Number of protein chains: 2
Amino acid sequence: MKMDERKQRILQALILDYIATGDPVGSRTIAKKYKLGVSSATIRNEMADLEEMGLIEQPHTSAGRIPSQFGYRYYVDCLMEKKPLSEQVKKYIQDILSDKISEMEALIQLSSKLLSQLTNYTSLVMVPSLGKNKLTHIQLLPLDNNKVVLVVVLDNGHVEHRSLELPFPIRDEDVYYISQILNNNLQGLSIEKCKSGLLKTLYNELAQQKHFLNEIMEIIETALVAKDDHKVYLGGMLNMLEQPEFKDVDKVKDLLELLEEEKVLKDVLAGAGQETGIKVKIGSENPYEEMKNCSLITATYELDGKVIGTLGVLGPTRMEYSKAVSIVEFLTYALTEGLRKL
Amino acid sequence: MKMDERKQRILQALILDYIATGDPVGSRTIAKKYKLGVSSATIRNEMADLEEMGLIEQPHTSAGRIPSQFGYRYYVDCLMEKKPLSEQVKKYIQDILSDKISEMEALIQLSSKLLSQLTNYTSLVMVPSLGKNKLTHIQLLPLDNNKVVLVVVLDNGHVEHRSLELPFPIRDEDVYYISQILNNNLQGLSIEKCKSGLLKTLYNELAQQKHFLNEIMEIIETALVAKDDHKVYLGGMLNMLEQPEFKDVDKVKDLLELLEEEKVLKDVLAGAGQETGIKVKIGSENPYEEMKNCSLITATYELDGKVIGTLGVLGPTRMEYSKAVSIVEFLTYALTEGLRKL
DNA sequence: GTTAGCACTCACCTCCTTTGAGTGCTAAGT
DNA sequence: ACTTAGCACTCAAAGGAGGTGAGTGCTAAC
């Protein structure tokens with residue numbers, strides 16, 4: 001069966017109406033609301049064809065049609081017209097993102113919040129792995145008899161700290177001394193490189209000084225390795241509750257519980273891949289059963305021309321794709337700009 | 001009307017049954033399940049009295065009775081028998097809380113998680129204000145031409161860091177120099193004291209060196225002041241969805257949205273006061289309209305014999321008070337112990 | 001003071017009917 | 001050959017009627 005223009009127009013009208021109202025759409029509604037110049041009977045015939053092609057379906061015999069997952073797919077790929085954002089909204093985004101933010105992570109977190117606010121869906125933003133970043137500073141500060149604080153500063157402005165408990169007391173001077181050696185040797189290297197054996201070399205240099213450095217090095221190594229990981233921000237999770245398709249607590253509970261697990265979020269975003277450009281995953285294209293009634297729109301943001309993270313919105317399959325895509329698109333742009341300026 | 005022992009026994013039976021089943025409890029059920037040695041008719045008479053006294057109420061004419069807010073109050077104050085925790089659970093709590101945690105905040109956060117897991121309700125934990133803690137270290141690290149990282153280490157193991165953007169470039173040596181001066185002057189002082197003019201004194205000392213210190217000091221002051229605040233952890237928010245009384249999305253949405261606001265959480269916990277001991281707020285005793293179907297059980301935890309924070313569980317008014325109270329009680333004890341050892 | 005007995009209430013369930021939106025098919029119109 | 005009007009048909013949803021049962025309050029007897 002061939003997909004002529006009239007079928008396309010009918011499919012588009014049906015999807016737009018369904019997205020707007022949430023009710024199954026009948027032939028009469030389409031004939032009346034969207035002037036296609038044909039009667040409802042004709043539209044009925046065409047709809048029968050569209051159903052045969054798998055693009056729309058009937059929830060039950062005497063109801064109108066709703067788009068199938070493939071219908072949404074076709075719409076997103078071929079029919080959707082991007083709805084340009086108003087200058088006002090663009091300005092709003094840019095104003096907020098350029099408002100004196102000096103830490104990369106704060107900027108990214110803000111983007112997540114903005115994304116969920118603007119779309120009224122749930123936002124996911126993956127913060128880049130720190131593995132490739134270079135150390136600007138590594139510093140140990142004495143805290144107590146046998147406690148020190150390890151502070152790691154990366155060249156992207158990211159700061160991590162961790163308290164370490166040593167199994168033996170240590171003098172303040174020694175802490176400063178070790179700190180200095182660490183700094184001299186590790187400054188400018190990436191975390192990845194620090195991990196790969198370099199710490200051992202360093203150990204040799206310091207071993208001449210103190211016999212218990214071995215243990216300190218181990219702890220530092222663990223701390224560094226543990227920090228070399230992605231992080232995901234989730235925003236507007238409760239927006240899901242606004243959606244009529246999730247008005248039943250039992251239905252939405254599993255989804256919300258799923259979203260509370262960080263590993264899942266990483267999976268979901270990682271599934272979108274690293275290629276640049278906007279991607280849309282519809283219904284069961286997503287990796288989790290609980291998300292079969294959801295769609296995910298993602299894009300990647302960059303720093304120095306390289307993809308460093310992914311961001312996206314998660315909503316019901318019946319989501320406002322055109323609006324959401326525009327927002328994701330512009331926010332990605334604004335975030336990339338923001339990062340560049342940093 | 002006087003509250004004789006039989007009335008008490010009936011009220012207790014009714015509340016226990018209602019908490020267990022969630023259904024209104026009739027006279028026959030009480031007569032059968034809880035052997036009080038009297039017939040259902042007698043119980044009916046007593047229940048009429050209890051209703052007159054405002055302790056129980058009927059959802060509608062031909063239904064059983066449910067406890068009123070005052071009924072719960074009376075139960076919690078006079079009738080409730082604390083259910084001792086099994087040694088197993090106690091050990092579980094203590095094991096988890098003593099598992100190599102060296103940062104106060106991590107310990108507190110873990111307590112929150114534990115609390116929601118064990119009770120299946122929502123947990124709130126307020127982290128103490130940092131104002132009274134002493135500075136162990138204050139350190140500036142150069143990051144970039146005109147960016148520095150401020151790291152503040154407190155004597156309780158808490159570490160805060162913040163990136164500062166200076167409106168002018170600064171040399172690494174100067175950063176270290178300032179850092180040293182700050183350290184020498186502020187070490188051992190509480191944040192409160194740092195704020196109160198001391199920074200200005202310090203400014204005089206440094207002003208002889210560099211003219212732009214003024215601005216640095218301002219930034220540091222802002223950073224310190226902003227950090228002197230309470231923080232609240234929320235755990236198991238979605239547990240609310242498990243409760244049959246919140247099976248309607250519209251009912252639970254407002255509550256969940258309320259709980260997402262940190263200010264609200266602070267209010268709610270602050271409302272419980274600072275006196276030591278377990279407190280129970282039932283239904284509309286809570287400060288927010290959205291919580292009129294919830295009860296909150298709180299307790300305070302201590303360090304060095306002084307109250308430093310509050311922790312609690314929030315559940316439906318029909319919550320398992322005896323179990324929840326026991327868990328809150330023991331967890332408070334375990335957390336206080338854990339903090340002491342730190 | 002307690003209890004058995006009884007009339008009464010009312011939410012809830014089930015069954016039935018009505019309603020209306022929507023369909024598919026057919027035959028007539030262009 | 002496509003389009004359309006007309007019609008019979010389907011089925012979810014809404015509304016109503018009747019039955020059920022848990023529970024109550026009252027009264028009279030123990």
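All values derive from a computational prediction rather than experimental measurement. All chains are named by letter (A, B, ...) in the order of the sequence lines, taking the proteins before the strands, and each is independently numbered beginning at 1.
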Determine, for Glu57(A) against Arg65(A), whether the closest basic-nitrogen to carboxylate-oxygen distance falls under 4.0 angstrom.
no

Looking for any heavy atom pair under 4.0 Å, which part of the strands does Ala63(A) touch: base, sugar-phosphate only, or nothing?
sugar-phosphate

May I ask you to say what Thr42(A) touches in the nucleic acid, namely base, sugar-phosphate or nothing, with a heavy-atom cut-off under 4.0 Å?
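Base, at least one base atom sits under 4.0 Å.
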
Under 4.0 Å from OP1 or OP2 of [N]: is there any side-chain N or O of [X] that close?
X	N	answer
Ser27(A)	dT23(C)	yes
Arg65(A)	dG24(C)	yes
Ser62(A)	dC11(D)	no
Arg6(B)	dT2(C)	yes

Specify the residue among Pro59(B) and Ala41(B) whose closest nucleotide of DNA chain C lies further upstream toward the 5′ end.
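So the residue in question is Ala41(B).
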
With DNA chain C as reference, determine whether Thr61(B) or Ser39(B) sits nearer its 5' end, using the nearest nucleotide of each.
Ser39(B)

Looking at Arg28(B) and dG23(D), is any side-chain donor or acceptor paired with a base atom of the opposite kind under 3.5 Å?
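No, no donor-acceptor pair under 3.5 Å.
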
Give, for atom OG1 of Thr122(B) and atom CG of Leu265(B), the distance between the pair rounded to the nearest 0.5 Å.
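CG of Leu265(B) is found 10.0 Å from OG1 of Thr122(B).
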
Could you state the CE-C1' distance from Met47(B) to dT24(D), rounded to the nearest angstrom?
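These atoms are roughly 9 Å apart.
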
Aromatic rings Tyr72(B) and Tyr18(B): how do their planes relate, parallel, tilted or perpendicular, breaks at 30° and 60°?
tilted

